[in-house]
Amino acid sequence: MFLTSIEPSLSRRGLSKLRKRLAALTMTGMVILLFSFFFIQKTLYDSAIDQARAQMMAITYHLSAVLMQNSTIDLQRVIDENPDLSVGVLDTDRNQINGTIPPHLVDDLFDEIDKQKAYRGSLLCMHGNTVMLMAYSILPQLDRIVVTYIPRHILLGNWREAIMLHASLFLIVLVIMAGLSVWLWQRLKRQHLRAADLAEHFNDSENTLSDCGCAILSWSSKNPSGILTSRLNWPEILGLEFGDVKPTADAFLSRLGAASRAQLRGPLIDNEWQDNRIGTMVDILTSAGQTQRFYLMAQRRQEEDSETITVLLLEIAPQQELCHPFETYLHHTPEPAIAVDMEGILQGLSPALAELVGKAVYDLIGKPVELLFLPEDRETIRTSFINRQSGDTQERELVLRISDQRGETRWLAWHAIGPFEGMTFSSARDVTQFVENANKLRDTLDQLKRTNEDLEQFAYVASHDLQQPLRMVASYTQLLKRRYGGSLDQEADEYIDYAVDGAKRMHKLISHLLEYAKTGSNDDEMAELDCNQVLNEAQADLKAIIVQEQATITHNDLPVINGDRISLSRLFQNLLSNAIKYRRPGVPPHIDIHAMRDPDMPGFWRISVRDNGIGIHPEHAHRIFRLFQRLHKDEFSGTGLGLSLCRKIAEQHGGRIWLDTTRPLTDPGATFVFTLRGKP
């Protein structure tokens, strides 16, 4: 222990890692250097080829211009200063006019011309064992092709000189790198041997601690930022080098995670100890930028006038549990979570909560947990802890607000359990989106309710105010008919009849619209009533038409429900009157009413009204319940409000109404089904 405290040499494990890293770094550097060399040479070679092509094409273009001015000139004399360059002139039939071009080069040239379809270009071709660079320029005006060619190696002379120079420089760099690596390797090897010699003086327990990932460090409590007085295996167990971490207490404390630092602030930073020895789990930042779990045991030792703090770190496997259960729970839970003692003091929190709220939340450890939430919800927290202190351990969920690291309000649903060993655990779910959607839905429903009330009020007022002028129109048109009926011509009498009939229909339509607007406004008049009596009242109101059309109405025992007598009577009247109105010619109407328990909605009754009339095609099943929708405008009179009123009454009683579309078309008639909530 003493030798480790004063010897700055690297440990055996650290030296072994360094030697491996040095070997890997050297090999990587050499590979990168060789790759760079070949990449640069490839780039220079491509550039040299492109430059040679451009040069040859420029010379060929110049010679073609000279030939255009003087078609009999010998082009080889124009380039006498470049004896390695050969020039020839061909016609489009491959006949050589001037110069000498080998026949196989002529074939390669015309293949290139046929492929490129261009007047100027260049190509590489073989002449024996020599690669030739050939350029051509077609002169369609003269029916001539100017061709130049030269061995490629002549044009690449400068590139070869450059590659030799670059190869020499790269070789020098490789030699220097290899020499430096060998020198460092030998130094590390000697250092490794020195560390091995020093390790022989350690006892077996110290070597075991080193191999097991144990570190020991100590410093004076009077100078916590000073040099460590001992540092066994620190910071080698984290894979760090001495150049990365200073051998001071501050360097060690800076490696602690935010939660661990907040937890150990009292004893290790502020030197405030409740006991002279503490033990807990901590998170420490490693060389890879990640945190690793260690078991930390710290002790304060007093020796005469000096006070020393000694810390032992033990590297643990993930499955080991060497701490209080709440620390393990907070560390591994993926949800925002907290641990609070019976006094309401925050003792720990999960990384998920720190990620949501921000690292500053760790400063709240050791303070009242209510400070974590917005001021509006703190009274709820106090009440909850007062109830738990009084013995109320019932599990419940609280929805509370916090401010996240961006300053936005988040709604969290907290579920608390405990206490266990004086600690209450709470985990949370983020329900911000749910709360916001619920608030938006509530606002939308309120707005729809207000809009619906305004529309109903408008319909009521409009239909009510139209009654008086309509009565005047009807009265005066009827007066005209009585006074002047028969005294005018037949056409005038017909016009007066039209006016009287229109006024009557308008009066009937407005009356039904007023009734539709008033329906549903008397929810307070709901009472227990027998549907059998309601049906009898509806039949009594329709007695005249029932007797006139010889209609028969049958029904089984109808239920007792909670509803509005007038509205339900109107519902039965509309369905019965429609069944009688839309009867088949020559067939007396028969209506059967049947009630049964709703198989899909418990607590509801399903009542069907079946007739033998003309029926309704299933494609109109939804249309008939809309306002002012009529299927037989010419054959039957009506306003188109009857079924709309039935739907509104059914919905007023918590049910619905629909046309039974499963009835076969071969079975004449229609069946309407509606549901009503039964007696509670």
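All values derive from a computational prediction rather than experimental measurement. Positions are given from 1, in the same order as the sequence printed here.
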Taking the side chain from [X] and the backbone from [Y], do they hold a donor-acceptor pair closer than 3.5 Å?
X      : Y      : value
Asp377 : Arg401 : yes
Arg144 : Leu142 : yes
Asp93  : Asn95  : no
Asn439 : Val435 : yes

Go through the side-chain N and O atoms of [X] and [Y] and say whether any donor and acceptor fall under 3.5 Å apart.
X      : Y      : answer
Arg53  : Ser122 : yes
Asp250 : Thr248 : no
Thr148 : Thr60  : yes

Where [X] and [Y] come nearest, the two heavy atoms and their spacing:
X      : Y      : result
Glu355 : Gln405 : O-NE2, 3.0 Å
Ser403 : Val357 : O-CG1, 3.7 Å
Ile97  : Leu90  : CG1-C, 4.2 Å

Please work out whether the ring planes of Phe373 and Trp414 are parallel, tilted or perpendicular, with thresholds of 30° and 60°.
->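 Rings of Phe373 and Trp414: perpendicular, over 60°.
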How far does [atom1] of [X] sit from [atom2] of [Y], to the nearest 0.5 angstrom?
X      : Y      : atom1 : atom2 : result
Gln55  : Leu85  : CD    : CG    : 9.0 Å
Leu253 : Arg255 : CG    : CZ    : 12.5 Å
Phe294 : Leu256 : CZ    : CG    : 10.5 Å
Arg623 : His617 : CZ    : NE2   : 13.0 Å

Are the side chains of [Y] and [X] in contact, using a 4.5 Å heavy-atom criterion?
X      : Y      : answer
Met134 : Leu105 : yes
Val399 : Val431 : yes
Gln116 : Tyr136 : yes
Trp411 : Phe434 : no

With a cut-off of 6.0 Å (strictly less than), are more than 12 heavy atoms of other residues, nucleotides or ligands near CE of Met126?
->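 Result for CE/Met126: enclosed.
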With Gln96 as reference, evaluate Val106, Asp91, Val89, Val147 under the side-chain contact (heavy atoms from CB on, under 4.5 Å) test and give the passing residue.
->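 Of all the options given, the one that passes is Val106.
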